[in-house]
Amino acid sequence: QVQLVESGGGLVQPGGALRLSCAASRSIILFNAMGWYRQPPGKERELVAEVARGGITNYADSMKGRFSISRDVVKNMVFLQMNSLKPEDTAVYYCYVRHAVYYWGNGTLVTVSS
């Protein structure tokens, strides 16, 4: 079992940036992967980015070049740096761990609006 707590969401103008953080309740170093999904209003949940155990990262095509995922295995945290934000990035962003099963945080809301 692992508990995940996201932070860093909020209201930002188009073109702005936000950094999301996810704190895990235990060591993340042996997890198969950690990452972020998002769920825009009225839409299905979709993958944003993932970092695997070996540090290999994977991004959804629409986020490549704008978003960057990183992790701190000492602090047991995963981060999502989001740049050049667009209104269509508005969503609840969920941190997850993939390790036999999925563990999810409660989500943090990102609103991109002028």
Side-chain angles (χ1 to χ4, degrees):
Q1 283 261 344
V2 58
Q3 284 72 50
L4 303 170
V5 178
E6 302 97 335
S7 61
L11 174 64
V12 62
Q13 292 187 343
L18 279 177
R19 187 189 193 215
L20 304 184
S21 300
C22 174
S25 61
R26 49 173 280 203
S27 175
I28 67 172
I29 199 167
L30 292 180
F31 289 147
N32 289 336
M34 290 187 70
W36 297 86
Y37 267 73
R38 72 183 186 184
Q39 188 164 19
K43 296 185 179 180
E44 298 291 318
R45 196 174 291 193
E46 60 182 357
L47 175 69
V48 175
E50 178 178 276
V51 53
R53 185 188 306 174
I56 296 173
T57 57
N58 181 44
Y59 296 90
D61 287 343
S62 62
M63 286 69 155
K64 289 179 180 178
R66 298 192 299 126
F67 291 8
S68 178
I69 189 170
S70 60
R71 62 180 181 172
D72 185 326
V73 298
V74 174
K75 296 182 178 178
N76 299 323
M77 297 186 72
V78 173
F79 306 97
L80 184 69
Q81 178 66 42
M82 305 186 293
N83 299 324
S84 303
L85 284 162
K86 306 174 183 179
E88 51 264 43
D89 294 318
T90 294
V92 178
Y93 284 72
Y94 296 92
C95 175
Y96 71 91
V97 163
R98 177 168 56 82
H99 192 73
V101 297
Y102 279 81
Y103 299 93
W104 297 93
N106 289 328
T108 185
L109 177 62
V110 172
T111 303
V112 184
S113 175
S114 55

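For the single chain, residues carry numbers from 1 onward in sequence order. Everything numeric in this text was worked out from a predicted model, so none of it was measured.
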Examine [X] and [Y] and state if one hydrophobic cluster contains both, with Ile, Leu, Val, Met, Phe, Trp and Tyr joined whenever side-chain heavy atoms are less than 4.5 Å apart.
X	Y	answer
Trp104	Met34	no
Met63	Val12	yes
Val92	Leu20	no
Tyr94	Tyr102	yes
Val5	Val74	no

For [X] against [Y], the heavy-atom pair lying closest together:
X	Y	result
Leu18	Leu85	N-CD1, 3.8 Å
His99	Leu30	CE1-O, 3.2 Å
Ser113	Pro14	C-CD, 3.6 Å
Ala60	Leu47	CB-O, 3.3 Å
Arg71	Gly55	NH2-N, 3.5 Å
Thr90	Val112	OG1-N, 2.9 Å

- Task: Step by step, work out the side-chain contact (heavy atoms from CB on, under 4.5 Å) result for Arg45 and Tyr96.
- Result: CA-CA 12 Å; Arg45 196 174 291 193; Tyr96 71 91; over 6 Å; no
- More than 12 foreign heavy atoms under 6.0 Å from CG of Asn106: is that the case here?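 Atom CG in Asn106 is not packed in, count stays at 12 or less.
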- side chain to side chain contact (heavy atoms under 4.5 Å, CB included) test vs Cys95 passes for just one of Tyr37, Phe79, Tyr103, Trp36, namely Trp36
- Message: Name the residue from Ile56, Asn58, Thr57 that meets the side chain to side chain contact (heavy atoms under 4.5 Å, CB included) definition with Val51.
- Response: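 Only one option passes, and that is Thr57.
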- Task: Could you name each residue pair satisfying salt bridge (Lys or Arg N to Asp or Glu O under 4.0 Å) that touches residues 85-98, not counting sequence neighbours?
- Result: Arg38-Asp89, Glu50-Arg98, Arg66-Asp89
- Any pair counted as salt bridge (Lys or Arg N to Asp or Glu O under 4.0 Å), so long as it reaches residues 3-15, sequence neighbours left out: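 Salt bridge (Lys or Arg N to Asp or Glu O under 4.0 Å) check on residues 3-15 returns no pairs.
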- Item | For Arg53, all residues meeting side chain to side chain donor-acceptor pair (under 3.5 Å), sequence neighbours excluded |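 For Arg53 the side chain to side chain donor-acceptor pair (under 3.5 Å) partners, ignoring immediate neighbours, are Asn32.
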- Task: Measure the spacing between CE of Met82 and CD1 of Ile69 and express it to the nearest 0.5 Å.
- Result: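 With rounding to 0.5 Å, CE (Met82) is 11.5 Å from CD1 (Ile69).
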- Item | Distance in Å, Ser27 OG paired with Lys75 NZ, rounded so as to fall on 0.5 Å steps | 15.0 Å
- Would Tyr59 and Phe67 count as a close aromatic pair, with their ring centres under 6.0 Å?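 They do not qualify: ring centres at least 6.0 Å apart.
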- Query: Do Ser25 and Gln1 come close enough that some side-chain heavy atom pair is under 4.5 Å?
  - Reply: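 Side chain of Ser25 against side chain of Gln1, heavy atoms only: no contact under 4.5 Å found.
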